[in-house]
Amino acid sequence: MTSAHPEPLQLPLPYPVYCRAGVRQTIGEIARLVAPSHRVAVISDSAVAPLHADAIVAQFPADSTRLFTVPPGEQVKTRATWAELTDALLEWGAGRDTTVIAVGGGVVGDLAGFVASTFMRGLPVVQVPTTLLAMVDASVGGKTAVDTPFGKNLVGAFHNPAAVVIDPEVLNTLPEDVLRSGFAEMIKHGVIADAPYFDAVLRYAHAVRDHGASAPDFAATITTLVIGSVRIKAEVVAEDTREGGLRQILNFGHTIAHAVERVLNFTLLHGDAVAIGMVAEARIAESIGLAREGLSLAIADAVERAGLPSRLPATIPLDDIIAATHGDKKAREGSARYALPRSIGEMEAAEGKWSVAVSNAVVKTALS
Ligand code: NAD
């Protein structure tokens with residue numbers, strides 16, 4: 001552990017990303033540097049708060065800092081919770097001189113980020129991701145949102161964080177299934193942009209599947225992999241901050257994943273749904289001739305090595321999944337669009353477009 005002032009990673013982003021064991025102990029210092037303010041609102045969930053958020057609150061003056069918690073789980077990522085949090089901030093007296101610190105997984109990051117983006121037309125937010133998935137994906141890129149009955153993330157805003165502070169040590173308290181589910185987005189980063197990174201994730205997935213955070217050399221290896229993923233994501237979002245083009249490749253696996261999550265009423269971990277979605281969407285790419293046969297098997301092998309599901313639960317009616325893909329915000333003019341891989345490390349970009357319209361019949365065959 002260190003208390004020396006940390007150096008951010010060298011990334012093409014307009015905000016600093018810190019990634020180092022022990023860096024959570026300097027969040028007070030980092031927040032004062034990137035977003036000096038009168039008040040600090042720490043937003044977390046009730047499972048993460050006693051483990052990690054309380055110690056962050058303690059780094060700020062008690063009379064101008066408040067912890068706000070929500071119950072854990074995707075079910076709270078709603079407009080109703082957004083309203084409760086903004087009301088609680090108003091009641092406390094938060095104003096434009098307030099910095100929000102989001103301490104938690106992707107749910108807290110998206111929710112607190114959306115609160116910060118809308119409260120008094122925008123407050124600075126420091127993202128402190130505490131799940132592997134949020135470290136490698138959700139905390140970087142500035143997307144914030146809540147879910148609606150019509151689909152996931154349908155109400156939200158682009159709101160860049162003032163800083164992202166990643167401390168891999170907090171992964172030690174993460175339940176093993178949640179830790180494993182983070183590997184889905186890491187595998188995705190390899191598929192969409194970087195074959196050597198895909199291989200590196202694959203080499204370590206087995207160890208984490210079998211031993212969780214007690215896997216050999218966990219701290220050093222996971223830090224290297226997290227930095228690798230953050231770099232890939234940063235390079236993509238730096239080129240396309242508002243998802244007009246290239247950034248759509250980050251949606252690989254997600255059109256099906258969001259449909260599965262919705263049909264299963266958000267009872268599946270997001271990473272598990274992404275694992276199923278990547279295999280199904282690779283199969284779609286094979287069946288329309290974009291990818292060679294074998295790509296979906298390679299991705300299925302990768303997700304299975306990480307201990308993640310590679311196929312849909314047999315009980316889900318395929319027509320429900322197809323219908324749910326049309327509620328996804330990537331659906332245009334009645335046909336669902338998919339960001340599809342050509343091979344590991346390369347995405348389809350026909351005529352400069354990074355997503356492809358696919359008929360329901362093709363999707364259904366790929367899923368069955
Ligand atoms: P999550 O936030 O629900 O966290 C999973 C569980 O882990 C929760 O029960 C939480 O309480 C617990 N937890 C978190 N950190 C812990 C820790 N260190 N120790 C012990 N328990 C801990 O799930 P998630 O997988 O992190 O995030 C999924 C969400 O992220 C989805 O809503 C998804 O849409 C969103 N997401 C957003 C983006 C983006 O770009 N904004 C990208 C990917 C995913």
Side-chain angles (χ1 to χ4, degrees), residues 24 43-56 69-78 81 102-114 116-117 125 127-148 151-161 164 166-186 188-189 212-213 222 229-230 233-234 236-237 241-243 247-255 257-262 266-275 277 308 328-329:
R24 69 191 184 287
I43 301 181
S44 189
D45 75 37
S46 53
V48 174
L51 295 169
H52 305 295
D54 286 345
I56 291 169
T69 59
V70 297
E74 184 76 33
Q75 284 81 357
V76 303
K77 213 178 104 174
T78 61
T81 317
V103 185
V107 165
V108 165
D110 278 7
L111 184 61
F114 187 49
S117 76
V125 58
Q127 292 283 354
V128 186
T130 62
T131 62
L132 182 57
L133 184 141
M135 289 178 185
V136 298
D137 202 355
S139 62
V140 175
K143 272 189 178 183
T144 73
V146 291
D147 303 331
T148 78
K152 269 190 66 133
N153 301 328
L154 292 183
V155 176
F158 287 99
H159 186 62
N160 273 341
V164 181
I166 302 173
D167 188 336
E169 278 183 357
V170 303
L171 297 175
N172 292 331
T173 59
L174 203 58
E176 284 197 7
D177 58 337
V178 184
L179 178 64
R180 280 196 301 270
S181 81
F183 270 74
E185 302 282 8
M186 291 157 69
K188 179 192 82 178
H189 288 141
I222 210 72
S229 250
V230 167
K233 176 139 189 195
V236 172
V237 301
T241 48
R242 298 181 78 87
E243 206 172 289
R247 191 168 177 159
Q248 292 170 47
I249 67 175
L250 293 165
N251 292 327
F252 169 53
H254 282 63
T255 305
H258 287 169
V260 172
E261 286 183 279
R262 203 169 139 211
F266 302 111
T267 50
L268 200 63
L269 286 167
H270 179 67
D272 290 20
V274 170
L308 301 174
D328 193 273
K329 67 183 181 310

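Order of appearance sets the numbers: ligands from 1, and atoms from 1 within every ligand.
Residue V48 places a heavy atom under 4.0 Å from ligand 1. Assignment of K233 to the shell around ligand 1 is supported, since a heavy atom sits closer than 4.0 Å.
The residue among H258, E74, Q75 with a heavy atom at the shortest distance from atom 31 (C) of ligand 1 is E74. Nearest-residue assignment for atom 41 (N) of ligand 1 (options L179, D110, V107; heavy-atom criterion): D110. When T173, V237, N251, V140 are checked for heavy-atom proximity to atom 17 (C) of ligand 1, T173 turns out nearest. Counting only non-hydrogen atoms, the option in D272, L174, V170 that gets closest to atom 22 (C) of ligand 1 is L174. For atom 23 (O) of ligand 1, the nearest non-hydrogen atom from the set G73, A184, G106 comes from G106.
Some N or O of K77 is nearer than 3.5 Å to an N or O of ligand 1, by distance alone.
Counting atoms of ligand 1 from 1 in the listed order, those under 4.0 Å from a heavy atom of K143 are 40 (O), 41 (N).
Only the side chain of L51 comes within 4.0 Å of ligand 1, counting heavy atoms alone; its backbone N, CA, C and O stay farther away. Of all the heavy atoms of T130, the ones lying under 4.0 Å from any atom of ligand 1 are found in both the backbone and the side chain.
In this model, a donor atom of one side chain and an acceptor atom of the other lie less than 3.5 Å apart for E185 and H254.
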